[in-house]
Structures are given as structure tokens and as C-alpha cells.
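Report on one structure; see the data block that follows.
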Number of protein chains: 2
Amino acid sequence: MELDDRKKRVLQAIVDDYVATNEPVGSKSLIERHNFQVSSATLRNDMAELEKLGFIEKPHTSAGRIPSDRGYREYVDSLMKIDTLTAKEQEEIEANISGTVDEAAELIKSATHSLSEATGFVSLSMSPRLRKSFLKQMKILMIEPGKALVVLVLSAGVVKDKVVRIPNYLTDEQMFKLSGAIEKNLTGKPLDEITFVTVETAAKDTEIPSPLLKQVLYEAYTAIKQADQLSIYLEGEHKMLAYPDFSSLGRARDLLGTLSDSGMVAGYVNEMENLATSSGKKDSYMIRIGQEITLEGLDDCSFITATYNMGDTVSGNIGVIGPKRMDYSRVISKMDFVKKKLNEELKKLT
Amino acid sequence: MELDDRKKRVLQAIVDDYVATNEPVGSKSLIERHNFQVSSATLRNDMAELEKLGFIEKPHTSAGRIPSDRGYREYVDSLMKIDTLTAKEQEEIEANISGTVDEAAELIKSATHSLSEATGFVSLSMSPRLRKSFLKQMKILMIEPGKALVVLVLSAGVVKDKVVRIPNYLTDEQMFKLSGAIEKNLTGKPLDEITFVTVETAAKDTEIPSPLLKQVLYEAYTAIKQADQLSIYLEGEHKMLAYPDFSSLGRARDLLGTLSDSGMVAGYVNEMENLATSSGKKDSYMIRIGQEITLEGLDDCSFITATYNMGDTVSGNIGVIGPKRMDYSRVISKMDFVKKKLNEELKKLT
DNA sequence: GATTAGCACTCACCACTTCCGAGTGCCAAC
DNA sequence: GTTGGCACTCGGAAGTGGTGAGTGCTAATC
């Protein structure tokens, strides 16, 4: 069932032409644009074959062929060659990313922005997964009676904080003691190994009456857990409206509706990432095409993600969502470049 | 140029019908739906008059009339009567707002969400304008050599923080002294009266060598200034695609494109707010209709905002953007209710 | 002077038709 | 396996006519 050489070329040509023109491509125009050394009838036979194998399909009887999801899949897996960016393209991307941002979150945002600008598609980034990072510092600051700020400094230089409610009569000094104890005992532990019990044990040798303690500990614990929460940043949703692929209002609405539920998208990205990690297959990028994407309204999209790193144990994702009728090679090389730059800049921060 | 009574009723009826049906309304259907005690010919004369005055217009020669921006303006200014919400509507809104959120930012977000859900339109909120709030606490926490976290506690219970870079050899203790000095001298001052000079003066009596100080002070100062920065939160952009008013892809794209530039929208809201404040005219809500809105692509929208309060001196805005062909009365009463609830909940927080 | 009935006119919209051409499958010949 | 030829398909553009809701205007009436 391996495709012979010419059939591969035909499929590739169909994808290329369709991406470029957004029109079903027929045997004749294929001959005109590419110099196959055979007649259109031969190509017709090849195309019939490709259709039987599920790589291409007809929108209606008397039209040319368009790639199916499977066709795109074959294309990205073994047909396309990734080209390199021109110096100018590289410059544009770099200009957007570097600059004076010196906080990781800002940096990641700017990379996401750059990615959307460079591709013209929706781009996204997931905040770093901090489960594997560990506590470096913990401070509890009294704000006013009954209210305190828990500040966590994690490895990889991430700072998180959260306002929590505490019993009114707890003093500044008690808080200081408490945070010191927790800090001392939990430093170095990965976040995902910290449980309520660990926190409780860590606080044992303070002399604060335990009923009071309980609430604070619980708040401290949730603050730690919340630091681990994933957040997603999406940009450029409206750009999808520019593509004829979504010119039907219904499609556009479904797509943007789904994208507006950022929690759902975040969940999907996370799931994809986990799947890829556990299956051990780790390309530098991941692609989902059309129906492979289980999010509603993304049937005509492709979803490409990559992983960035912050320190040794912490990573997150950046990604692009565009019409599946996209120039994969260019998009991938752009995303790869953004990722590379982002990694470099993140390294500088630590 | 005052409209006589019947003409007012005609205009009102035209707006009501057009909002309900999205179809140009003609003299005959007007007679059918409302019981004017006159013939269609009379209404035709009235309508010709209204058109001459600029309240209504024809999309093309042989069609009915639709309200012009001016017509809507007249309608909201003096024709419509604001109706009250049903118990059920109130409940739905309340359910979304109250709940367990106990941080102001979260609360405001949830109100915004609720507003979008209730109206079916885009909703937005501006973070509180903190210029008028004052410093209650300031702490500088060392994170690691060269890096510190500036934590500001402002009146109205707002907590802001920022990671800043500091000279490597500054110690924890020095930082503590410094923040104490600044805190002591600036507490009670409104944010907009704090300048770099004030900060410098406040730090005078610490014994830290001044060249070192300069950089930290500058960072502290920018941290304070940044706390004052406005941020905007927009929700439900995709919902606009559901309205036939934006069924043309071009319009939809312009609209969503503009809305995606949140800085621009924020600037506009701020400008509107300032204008209203300085002109002294302070309704409980503000409306901009169609061309009155200077943002690109919002010609077919109306933009309604209201002000929420946090403590005595601090306020922000919530708002709705929908098609100008909207049921103003319902939208306004919903927004009013959300605002009321939000104010109540914010009060509870302090 | 305001209101009304009547009438000729306008024009978007819909359904219907026609026509064109790019594309197809298939077959017989090379 | 490749090719030329041919009948067939069908979406889309362009044209057509009828319909109906709407208009403005005029002359008669209250």
C-alpha cells in the first residue's frame, strides 16, 4: 500500500496547489503547473487511486480533488520538506520577542504575539507546568487583620502570590514564624509532592495553637496548589475570519465560540502534551489535523504545538491554530524559530 | 423642532419594530402592529417628516424606514422607558456574581461574565482607577540576589506586586529598612501625588549608600506607578457573530479586529469616562451609538458603560457592546442591576 | 390645515432557466 | 502502463420575469 513515487508527487502537488489557490485541483491544471512527464489521463488514474486510498476527495462529482485529513497527514508526515526562514523573517520575529521584557510571563506572551503576527493565525501559549518545580521561598505578609498575602518563589525563578483570609487575631510575628517553618521543611520538594499533610507536618514545631493554624495552613496549601494551575493565553482569534475557509458565518461562530472557552482549549493542549509524553514520541512539534482535533468547530483547522523549556524541569507549550489548508512548512519553521528564540531568552532570565 | 406627540410615537414604534424584526418598517405594517388611529397615508407623511429631520432613513427607495443614529439617540434620551427585571432574570444574574470569589479582581471578572451572559453581547470591565487610592503598606522581599518583589497594599484593599531587578549586593535587611522608610513617609498619599522625587525624599534617612539606592528607588517608583495602570477585560466577542447585523464577514472582521486591540478599547472607555466626569453630566450609565463611537468597525454598535465603586475614591467601569439595533431598555436595566450587585459585593470585601 | 383614499412607480428578492466550462470516468488503442 | 477521445456531470454565473411591500404625490374630505 506504499505509494509509488509519482503518486507521492501527485499528492504533494495537489496539497501545494490547493493550499495556494483554495480551489479543487483537477488533472489538467496539475499538468499545466507541474511538469509531470505524463498525460492528464494518467494523472486521472493516479488520482482515482489516491481517492480510493482516502488521501484526496471530491467536493462534488464534477470538480477537482482536495486533500482529505489523511492526505494532509501523509503530506506533513513524509512529503513536505521544511524550508528555512529568510533573514528578514527571522529579524521580524526576533524584534517582537526580545526587547526589554524581563519577566517570564511577559516574555512568553510576547513570543505568542510574535507567532500570531508571523503566521497570521491564532497563536497560544500555556503557562509553564510547575508541578515539577520546587519551592525556594515562602513568605506570608500580613495585609490587614484577617488578610494576608502568601508569596511563593519557585525554582525557575517564578513568583506567585495569592491573597488569603486568615483568622483575625493572628499576628505578623506568628505568620513570620509559620512561613519560616513551612519554607524550611518544604524547600526543595517538587510542587506535586506537596500535600496538605506535608504542609501540616512542616508547621508542627511552631507554637501556634493548632485550631488557628488549620485555616492558615489550608490557605497556604491552596496557594501552593494554585501556583501549579495551568493558564492559557490566546491571541489573534479574529484573524481566522480573514480566511475563506471560515467564510461561512456558522463555521466561524463555532470556531470562535470554542476558542473563547480558553479552559477547554487549555485542557486539550494539556491532554495532547501528556499523550505525546507518555507515548514517548517526541518530535520537536506536534500536529493535529482537522477531525483529529476533538474540539468542536475545529474540523477545518490544524493545531500545531511545540514545547518550550524553563530550567531543567519546567516546560510549557506554544502553538498555532490555523486553517488546515495552510502552508505547513512555513508555519512549522516559524514556530520552531519562535520556540528557539523563546528558549534562549528564558535561559537568560535565570 | 420639537416632535409632536404622534411623531414621537411613530419614531418609538419604528425603533421597537426594527429592533424586534431586523426589517425596515413600512407605514402599513406600522398600522397593523400598533393601533394608531390614523391611516397609513398619514403615517407616511409623518415618516417623511421624521426622515427630513434625520431620525430615520431608507436603506433603498422602495423599502421601509430604519432608525438613524440620531433616531436611536432620541429614542434612548427621551422615548424609551426602562423596565424592571423579572425575579428570574435577577436571580440568574446574582447567581453568576456572588459566590465564593473573595478578591476584587475576580469579583469584577465574574460580574463581567454575568453581564455578557445576561445580554448576549460583548461585555467588558476596566480595572479600578487607583490614582486616587493611597499607599497603605509597602514591602520589598528579596527573592534572590539581584531580584526582589515589591508588594504594595493600597487603600480599597488592593494588592499589587512586581518583580524588580536590584543591585546584587543589597541585603534583605537593607531592603527591609528601605521599604519601611518609604512606607512610613508615603502612607496616606494618593498614588497620583507620588513622584520619583517624593520617593527619593522618603528614603533619605536610611543609611544606604545613595548610588545603590537610586536604582532600587526607581524600580520601586515604577512599581507604584504601574499599580495605577489600567487594564481591561473583554468577554464574549464571538457572540457578535450571532447577530445578523454583522453577518457580512467584512463588518465582523473589522469589529472583532478592533475589539482584539484591548488597549485601544481601554483608551476609549477611559476617554469617555473622563469626558463625562469633566462635563459634570453623570447619569448612572453612558451610551454611545453608532458613528458616535470613534473606534473603527463599531459603526453598527452601541457602547454602554456604567461606573462601579470600590471604597470612596476608587472606581472603574463595566460596559456592554452590542449591535445598535438592541433592546436598550432591557440591556440598560440588566447592566444597572449587575452594577448594583457588584457594588454591594465590593463593599462586603472591605 | 390635517387627514385620507387612490394610484403610479420603484426595487429588492425569489424562483426559474440557460449556458458554460472545468472536471470526471471509461474505453479502446498504443 | 500510458494515452487520446468522448460522453457526461454539475456548480456557478448570468439573465428573466413576477411578486409584494414599500414609496411619493395628488386631489378630495373632514
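Being a predicted model, the structure only gives us computed values, none of them experimental. Residue numbers start from 1 in every chain, and the chains themselves are labelled A, B, ... in the order their sequence lines are given, proteins ahead of strands.
Within the structure, ring-ring contact (aromatic ring centres under 6.0 Å, His included) contacts touching residues 17-47 of chain A (residues at least two apart or in different chains) do not occur. The ring-ring contact (aromatic ring centres under 6.0 Å, His included) pairs that include a residue from residues 245-268 of chain B are B/Tyr268-B/Phe303, where partners are two or more places apart or lie in different chains. Within the structure, the side chain to side chain donor-acceptor pair (under 3.5 Å) test picks out the following pairs touching residues 254-266 of chain A (sequence neighbours left out): A/Ser260-B/His238.
Between B/Leu43 atom CG and D/dA21 atom P there is a gap of 17 Å when expressed in whole angstrom units. The CD atom of A/Glu49 sits 12 Å away from the P atom of D/dT2 (whole-angstrom rounding). Distance, A/Lys52 NZ to C/dC26 C1': 13 Å, rounded to whole Å. The nearest whole Å value for the distance from the CZ atom in B/Arg33 to the C1' atom in D/dG22 is 14 Å. Between B/Lys7 atom NZ and C/dT3 atom C1' the separation is 12 Å, expressed in whole Å. Distance B/Asp46 CG to C/dG1 C1': 14 Å, rounded to the nearest Å.
Shown here are the ring pair (Phe, Tyr, Trp, His ring centres under 6.0 Å) partners of B/Tyr233, two or more places apart in sequence or in another chain: there are none.
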* Using a 4.0 Å cut-off on protein heavy atoms (strictly under), produce a 5'-to-3' string for nucleotides 4-24 of chain C with B for base contact, S for backbone-only sugar-phosphate contact, and - for none. => BBB---BBS---------BSB
Contacts under 3.5 angstrom, residues 293-302 of chain B side chains, donor-acceptor by atom type, not counting sequence neighbours:
{"unit_1": "B/Asp300", "atom_1": "OD2", "unit_2": "B/Arg251", "atom_2": "NE", "d": "3.4"}
{"unit_1": "B/Asp300", "atom_1": "OD2", "unit_2": "B/Arg251", "atom_2": "NH1", "d": "2.9"}
{"unit_1": "B/Ser302", "atom_1": "OG", "unit_2": "B/Tyr328", "atom_2": "OH", "d": "2.7"}

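Looking at A/Arg65 and A/Glu51, a side-chain N of the basic residue comes within less than 4.0 Å of a carboxylate O on the acidic one, giving a salt bridge.
Remark: B/Arg6 is not in phosphate contact with C/dA2, judged by side-chain N or O atoms under 4.0 Å from OP1 or OP2.
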